[in-house]
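Below is one structure, written out as structure tokens; comments come after it.
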There are 4 protein chains.
Amino acid sequence: MSDQEWITVLMNDNDDTVISDKQRKILEAAIDTFSEKGYAASSTSEIAKKAGVAEGTIFRHYKTKKELLLAIVTPTIAKFIAPFFIKTFAKEVFENEYEHYDDFLRTVARNRLEFVKKHFPVLKIFIQEIAFHDELREPYQKLFTEHVFLKFKKIIEHFQEKGEIIKLPPETIMRMSAASIIGYILPRFLLFSNHEWDDEKEIEQIVEFIMYGISGKR
Amino acid sequence: MSDQEWITVLMNDNDDTVISDKQRKILEAAIDTFSEKGYAASSTSEIAKKAGVAEGTIFRHYKTKKELLLAIVTPTIAKFIAPFFIKTFAKEVFENEYEHYDDFLRTVARNRLEFVKKHFPVLKIFIQEIAFHDELREPYQKLFTEHVFLKFKKIIEHFQEKGEIIKLPPETIMRMSAASIIGYILPRFLLFSNHEWDDEKEIEQIVEFIMYGISGKR
Amino acid sequence: MSDQEWITVLMNDNDDTVISDKQRKILEAAIDTFSEKGYAASSTSEIAKKAGVAEGTIFRHYKTKKELLLAIVTPTIAKFIAPFFIKTFAKEVFENEYEHYDDFLRTVARNRLEFVKKHFPVLKIFIQEIAFHDELREPYQKLFTEHVFLKFKKIIEHFQEKGEIIKLPPETIMRMSAASIIGYILPRFLLFSNHEWDDEKEIEQIVEFIMYGISGKR
Amino acid sequence: MSDQEWITVLMNDNDDTVISDKQRKILEAAIDTFSEKGYAASSTSEIAKKAGVAEGTIFRHYKTKKELLLAIVTPTIAKFIAPFFIKTFAKEVFENEYEHYDDFLRTVARNRLEFVKKHFPVLKIFIQEIAFHDELREPYQKLFTEHVFLKFKKIIEHFQEKGEIIKLPPETIMRMSAASIIGYILPRFLLFSNHEWDDEKEIEQIVEFIMYGISGKR
DNA sequence: AATGAATGAGCCTTCATTCAT
DNA sequence: CATGAATGAAGGCTCATTCAT
């Protein structure tokens, strides 16, 4: 996909790309199954049964099982990284949409948490399968390093220059920020999804942690 | 397994449990294959070929494919958590083996990093498959919550009382500490294993980060 | 199966339950093979080849090899015992359809011989395998003891009261009658099927034998 | 085998042909297993386990699984038909060992019943497997038709000439006699072996039946 | 003589995919 | 479009048999 096409895809935030009822049922069933048993351990026949369609119908819409996987994962991941991708993203930051790094963090964290809440099964599939399918890695790798990553970098450098955050390599800052947020989100959904979580409070604590650590000294 | 049996297993730190040459080759081939393609997508015939044995030979040693998986993962995971499990672990901390929480962190991080360096393929299999196999979760779940987790908690509370670290719930402190360390280790091996890493320096930065965050204020 | 369902099955005397052409070929090939080599020694691949279908096709129609066995044996056995099962069976006897016990014997013998002639391969499978598969025994055991056996018993008692036959336990009378008939049918088909048999004459001799023995005295 | 060799085998009525302890255990385990699950469905590994020997040991004594089968069945069947085989058998009958056909029947029935009681598992294997293995049929076929059968025939003709029994073909008389006896023995051991049987009385009834039928008329 | 690890052919079954209807 | 019967390759696993020890 060219960048131009990506933008088209990414901006298209409505879920209702015209897909037939059967197609939707197939996707739902596939998400369910892949998420629960993993891609390789899921059979198309099981998915067909769960979707209430004939086995052949799946292959009418998706030439192969792998294409079905991509049809599930690709648009969701696209939407997941879309906000970091849009042209205005970095600009907003510099133009005082976010006065401080922690405002930025807070917003991103809330934002993405909301997204994960809505799309966890698909994201789980992505996380599980990315290690095994080049088709899942490649399209985002370039996208990520050339756009998302670069934008983050600029933002971090921006706040480093403002003296708000220390001058570790931006990659390191990014990694630590991301790890802290992901380190909440992942167990929250993967291990303790039925636990009651006060996300707002937790995010606040995470942001605090990222900024000031656990020593209590400022 | 009873706790007593666990201790026996965990303490048995020598890799040379008497296994035949063929058996070792099977395990190596299986680690290779599972790690690369995932458990479900790996075929026993492929493993056999890679190990240079007949397919039947695998099943002579491991009744089922899943048993082979467990034979690979179980002892490594056992050894991975063993240090946190031994009786003296918490005691050492209290008796000033570690004067400060960051000393403790540093040691654990170094320590486990070393382990991961040695056993990453197996750990990758574990991470990938734990979501799909109860047999992989169950044996460690109790062990973890009742021993490892409890010990960490005591340690954290110990340093909280000393006023070294803030009084967030110990679970939260733990999660943040762990996330920060894992957030380094995972990409280090999973995504950028061929990159040159100065682990010593990175660990230092992580510990700093955990203690004081990225704001630069103390 | 409930008794009601049994009746449905048993009465359904037409062989043309809608089965596809391939399905019929599979059944024929399976009967051939099971009958010739026994169930355990027959391979599904051989059956598939003989039937001219892919091996997978067998399993599309019959979930397991054992289900295939049952699909072959069950309906035939059902039809075999059906005549003794129908409501009117005993009644016909009492209402002078059969004036004497030997009339009754003659009819049953002729009747079942005809059936065996038509279905010997399947019956052979049944005889061979009944010892090893509960699924083959169970459905008929109750049916036999509660219906067939009871009806025979009544018939025998009927003729005992008429003074036509001696007052041994009906079970014994039954056993002797059955053994004499089976003792003809079994070798006739199992050992000397290519021999020319005058069934009508043989049956007459058997009935005579059952009634009067071999001493020649009346 | 030549007839001469047969005689040697048949006469050797002692079970203690010198076989090692292990060998005996193998035979016992094999009888158990074959009898319970059938030859084809029994695995040598299961037999080895049950016998408490290594798998290889079985094949040291019996080159193939089939040879093991024959080693079990052959001597028992030989012993089973031995009495009808010995030179004096027919002579005894003519020389008034048995004054009447029913004396003869009674003795044979008692005699063979006793044998079956002792060797039922092996006989069951024989019955089950004879249909599938030429090696089980061939050696006895000639033996049976040329010796046993002929002797029986003479005996029957002897009593026919004495006017004791009717002049049906001797084969028929034989078949009826045998069927009546087998028709008792088979269900007795195969279906109702735990039932309490008064064999003496039953045999008497069978002999009566064979001689005079069930009509009660003489 | 006895072992038991090793073999590789073959087993039953499942799977993704195709195609005539 | 949708179906579902059909495919045949591949899967995990078992088996009788061999052979070095």
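Fair warning: this is a prediction, and the values are worked out from it, not measured in the lab. Below, read A as the first sequence line, B as the second, and so on, with proteins coming before strands; counting in each chain starts at 1.
Regarding D:Q23, its CD atom lies at a distance of 10 Å from the P atom of E:dA1, rounded to whole Å. Between C:K25 atom NZ and F:dA5 atom C1' there is a gap of 14 Å when expressed in whole angstrom units. To the nearest angstrom, P of F:dA5 lies 12 Å from CD1 of C:I26. Counting to the nearest Å, the C1' atom of F:dC15 and the CZ atom of D:F34 are 13 Å from each other. Rounded to an integer number of Å, the gap from C:I58 CD1 to F:dG8 C1' is 13 Å. A straight line from NZ of A:K49 to P of F:dT3 spans 15 Å, rounded to a whole angstrom. Rounded to whole angstrom, the span from the CG atom of C:L69 across to the C1' atom of E:dC11 amounts to 17 Å. For the pair B:I47 CD1 and F:dC13 C1', the computed distance is 13 Å after rounding to whole Å.
Regarding contacts with the backbone of E:dA6, a side-chain N or O of B:H61 is found under 4.0 angstrom from either OP1 or OP2.
C:T33 and C:K50 form a side-chain donor-acceptor contact under 3.5 Å, judged by distance and modelled atom types alone. In this model, a donor atom of one side chain and an acceptor atom of the other lie less than 3.5 Å apart for B:E55 and B:T44.
Counting heavy atoms from C-beta outward, B:L123 and B:I77 have side chains that approach closer than 4.5 Å. Side-chain contact between D:F59 and D:L68 is absent, with no heavy atoms from C-beta onward closer than 4.5 Å. Under the 4.5 Å side-chain criterion, counting only non-hydrogen atoms from C-beta, A:K66 is in contact with A:Y39. Side-chain contact between B:L27 and B:R24 is absent, with no heavy-atom pair separated by less than 4.5 Å.
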Under a 4.0 Å heavy-atom criterion, the protein footprint on nucleotides 12-21 of chain E, written with B, S and -, is BBBSBBB---
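Using the Watson-Crick or G-U wobble rule with both distances under 3.5 Å, F:dC13 pairs with E:dG10. Remark: F:dA20 base-pairs with E:dT3; criterion is Watson-Crick or G-U wobble with both hydrogen-bond distances under 3.5 Å.
The stretch residues 124-133 of chain A has no heavy atom under 4.0 Å from DNA chain E, so no residue of it qualifies as close.
Within the 3.5 Å criterion, the main-chain N or O of B:S42 finds a donor-acceptor partner in the side chain of B:K65. A donor-acceptor pair is defined here as one N or O able to donate and one able to accept, closer than 3.5 Å; no such pair exists between the side chain of C:E129 and the backbone of C:L136. The main-chain N or O of A:L69 is never found under 3.5 Å from a side-chain atom of A:Y62 such that the two would form a donor-acceptor pair.
Nearest-nucleotide positions on DNA chain F place A:V53 closer to the 5' end than the other of C:S20 and A:V53.
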